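Read through the structure below, which is laid out as structure tokens, and then see the notes.
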Amino acid sequence: MAFRRPPRIGAGEERAMNEQAEPRRDDDVALETVPREEQLFRMRHSAAHVLAEAVLDLFPEAKYAIGPPIEHGFYYDFDLPRTLTPNDLEGIEARMRESVAADHPIHGEWIPKARARELFRDQPYKLELIDEIEEPTVGHFQHGGFHDLCRGGHTQRTGQVGSFKLTHVAGAYWRGDERRPMLQRIYGALFRTEPELAAYLKAREQAERRDHRRLGRELGLFHLDPISPGSPFFHPRGALLYNELVDYVRGLYPKYGYQEVITPQLFNTDIFRTSGHYDLFPDMYKMGGEEDEEIGIKPMNCPGHCWLYRAALHSYRDLPIRYAEFTRLHRNERSGVLHGLTRVRSFSQDDAHIYCTPEQMPEEIERVFAMVREIYGDLGLGEVDVKVATRGEHFIGNPEDWDVAERTLQDEVRRAGWDYALAPGEAAFYAPKVEFHFRDALGRSWQLGTLQIDMAMPDRFGLEYIGADGEPHRPVMMHRAILGSLERFLGVYVEHTEGRFPLWLAPVQAVVIPIADRHNDYAWHVARELRGRGLRVEVDDSNERMGNKIRRAQLQRLPYMLVVGDREAEAEAVSVRDRSGDDLGAMPLFQIADRLVDERDSRTSQAPGSAGDV
RNA sequence: GCCGGUGUAGCUCAGUGGUAGAGCAGCUGUUUCGUAAACAGCAGGCCGAGGGUUCGAAUCCCCCCGCCGGCUCCA
């Protein structure tokens, strides 16, 4: 596990560009003299200009908006007279290549805003950008017959942009604001050389084979069904994996001092009005109710936990109180945001709420972080992006409390030794939060764990504890989930492991493969022995050749294949093959049983070999 | 929710106005096999839903739903 700082330029993050407030004035330097990362930035940036040039050439009435370099290439947003089809991309790309072949010099200059307004008088989006620039001059770049409002950071000539391919077109709101016009965004991938571009495109294609939606079906874990969009059906193997994860986290609760609770699924919606969720998320699932009563399905556990806390009087001696809960939550997510297991309407979390005194805050945060390290470490998660999200426009509570919470959180993240990125304005409406993000097969980042320090909700619910002074005090409330949504975690984890789960999580830990059907009885004997040790073992006694049984087991990513024929039956042994394709040879039945039990209990993973894997 | 694409057998896909197809999976039979696909046969479909155009619609049009890629949102 490695905690890392998120990349500055991520997919679709033009904000990263805008944060580079300083105009650049070094565009006349030779490309070879700047660092590699900067070279790519410039190549992608110039390619975006070439793209805009091509589009304006083909659609003279087009309005162009903004077009930054991004992680694997670039994009540019346009307001066009008609919608683009994927076929249009070929024509645009061909026109781009003409500009590259012409090898136009790229010139940048700094001009007064008045002059810029004149130059862009027919370009409403550019005019809006000019108005927002505070300096008296703005950057103006041109090549061939094309010109753009631009901060700079370019190659010297259009012939230097590298190898690119337009990949897709998608809608995007102007300035990322859903109340403003929807523009057409053209995306391109760009790398320094053709082989690098080809490798990237191939890797993307291969990533599709790791897609959890595909593996989920192939491995018999879950499926999604139009009968209830965004609400996964977990099949027996998926449910086994799901429950193993829950049992694992549950097993850590005594060590970290949590008490598990179960609260209702349905509430009078008054509770969500008290918490403030109702105002912000009025689209939550609701049902009828008696008379003036309105019943809602819970979208989160915190209000229920506050209610639980309030049901008894608490002494400072009782704190911290740590309530954990795994029950199901439902959120009426907008249809367009649903995404496999990673964005669903029905899910459960390894959720908990901690009530403590203000003095206990740092220690509690450290305790949560220790648990985060233990769990992510045990699960062998790769790179983690840590973010600290601070107060935004809509918030409850008072700013002084927020400042304390934000400062404490950041101090503790630093103490934990993690690099983190600040996400200003991205806090929950009731608390600042630390977020732990992981990437899926296609590089999309998803938040799994989170820790939030909430000084507002205890106030709303009137929570108290009796202090040593005999007076009532307000506790601090911490919201935390480590795996986060178990559904989302599973989605990311399936892609991370490519379906090769460590033995302790594998729904089927070994399959016994009889060579001919005269070995079936012995195969079942082997399975009974191993099942007796608590192992999940199946027998493939189908009428297939051994080679095909092995193939099927490999496709299912089963950790161990235990082949039994005459020799093994004779010796009370099995021939062991693991899913990396290694033949571990014959070993006595008791020995493989011990080995599997050890591997399961130590939660180690097999070496991630993949010889001949699909 | 918005923009674009897309929806044919369990899965992957062919079929562009005239009798719905293939491979894999499934079932049955034969085969009894030593580390990634034995052979043969059979079965499987309101072509996403509804409406329209037409003598005739999987195919053309409208509308709805799901899914995919983005955008926005994410308690």
Side-chain angles (χ1 to χ4, degrees), chain A residues 11-12 14 75 77 83-86 88 167-187 208 211 213-214 217-218 223-230 272 275-281 283-284 298-303 329 331-340 342-344 349 394 426-431 433 435 442 444 446-447 450 452 454 457 479 485 488 513-520 543-555 561-568 575-579 581-586 611-614:
Chain A
E14 73 263 34
Y75 68 77
D77 288 346
T83 56
L84 294 171
T85 66
D88 288 322
T167 53
H168 58 291
V169 49
Y173 298 108
W174 166 235
R175 315 237 73 182
D177 185 337
E178 63 181 325
R179 290 163 305 197
R180 311 208 59 186
M182 171 75 64
L183 306 175
Q184 297 189 68
R185 174 171 297 176
I186 300 173
Y187 283 94
E208 283 171 25
D211 190 310
R213 292 165 294 192
R214 176 191 174 118
R217 194 176 51 237
E218 289 175 355
H223 86 274
L224 289 151
D225 198 297
I227 201 68
S228 183
F272 305 116
S275 67
H277 289 98
Y278 195 95
D279 297 330
L280 217 61
F281 304 99
D283 295 336
M284 61 178 285
K298 72 172 165 187
M300 80 294 294
N301 288 315
C302 36
L329 305 173
R331 295 181 182 177
N332 195 5
E333 301 285 6
R334 295 208 272 179
S335 60
V337 306
L338 298 178
H339 186 97
T342 50
R343 189 76 180 270
V344 291
Q349 295 178 291
H394 301 287
E426 289 183 22
F429 71 91
Y430 51 80
K433 51 181 182 168
E435 303 175 353
L442 284 174
R444 291 174 292 220
W446 299 95
Q447 178 194 307
T450 181
Q452 307 160 2
D454 179 358
M457 218 170 279
H479 309 237
S485 150
R488 174 176 292 179
I513 297 178
I515 288 173
D517 55 15
R518 69 174 176 281
H519 307 120
N520 286 354
N543 184 11
E544 287 292 340
R545 289 170 188 231
M546 182 199 60
N548 196 28
K549 292 179 184 180
I550 285 174
R551 176 181 150 80
R552 295 198 299 197
Q554 288 284 163
L555 290 173
M561 285 146 270
L562 310 177
V563 177
V564 298
D566 293 331
R567 297 198 294 267
E568 289 78 10
S575 281
V576 182
R577 172 187 166 116
D578 70 27
R579 68 187 153 195
D582 288 345
D583 185 348
L584 307 184
D613 204 350
V614 286

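As the structure is a prediction and not an experimental result, all values here were calculated from the model.
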Practice prompt. Quickly work out the A/Asp566 CG to B/U32 C1' distance and round it to whole Å.
Written response: 11 Å

Practice prompt. Measure from CZ on A/Arg343 to P on B/C67 and round the result to the nearest Å.
Written response: 13 Å

Worksheet item: Rounded to the nearest Å, what distance is computed from the CD atom of residue A/Glu333 to the P atom of nucleotide B/C2?
Response: 16 Å

Response to the item:
Regarding the side chain of A/His168, the nearest nucleotide among B/C74, B/G69, B/C71 is B/G69

Response to the item:
Against the side chain of A/Glu178, the closest entry in B/U35, B/C73, B/U72 is B/U72

Worksheet item: In terms of side-chain heavy atoms of A/Phe281, which of B/C67, B/C74, B/G69 is nearest?
Response: B/C74

Worksheet, complete the sentence: Quick note, A/Tyr173 side chain, CB onward, closest among B/C2, B/G69, B/C33 is B/C2

Worksheet item: Within the modelled atom types, does a donor on one side and an acceptor on the other bring the side chain of A/Arg175 and the base of B/C71 under 3.5 Å apart?
Response: no

Give me the distances for all protein-to-nucleotides 5-11 of chain B N/O pairs that come in under 3.5 Å?
unit_1: B/C11; atom_1: O3'; unit_2: A/Arg217; atom_2: NH2; d: 3.4

Practice prompt. Please figure out whether A/Arg331 or A/Met182 has its closest RNA chain B nucleotide nearer the 5' end.
Written response: A/Met182

Give each protein N/O atom lying under 3.5 Å from an N/O atom of nucleotides 38-43 of chain B, with the pair distance.
unit_1: B/A38; atom_1: O4'; unit_2: A/Arg545; atom_2: NE; d: 3.1
unit_1: B/A38; atom_1: N9; unit_2: A/Arg545; atom_2: NE; d: 3.3

Discussion item. Counting the atoms with a prime plus P, OP1 and OP2 as sugar-phosphate, which does A/Leu280 contact under 4.0 Å by heavy atoms, base, sugar-phosphate, or nothing?
Written reply: nothing

Response to the item:
Closest to the side chain of A/Val563, out of B/C33, B/G34, B/C71, is B/G34

Worksheet entry | Interatomic distance, A/Leu442 CG vs B/G69 P [rounded to whole Å] | 7 Å

Worksheet, complete the sentence: Among the nucleotides B/C74, B/G1, B/A36, whichever has the atom closest to the side chain of A/Arg334 is B/G1

Practice prompt. Confirm from the modelled atom types if A/Glu568 and B/G34 form a donor-acceptor pair under 3.5 Å, side chain to base only.
Written response: yes

Item to complete: Describe the nucleic acid contact of A/Pro299 in one word from base, sugar-phosphate, nothing, applying a heavy-atom distance below 4.0 Å.
Response: base

Worksheet, complete the sentence: Tightest non-hydrogen contact, residues A/Thr342 and A/Arg488, listed as O-NE, 2.7 Å

Worksheet item: A/Tyr430 and A/Asp454: which non-hydrogen atoms are nearest, and at how many Å?
Response: O-OD1, 3.2 Å

Worksheet item: Picking from B/G34, B/G66, B/G1, which would you name as closest to the side chain of A/Val337?
Response: B/G1

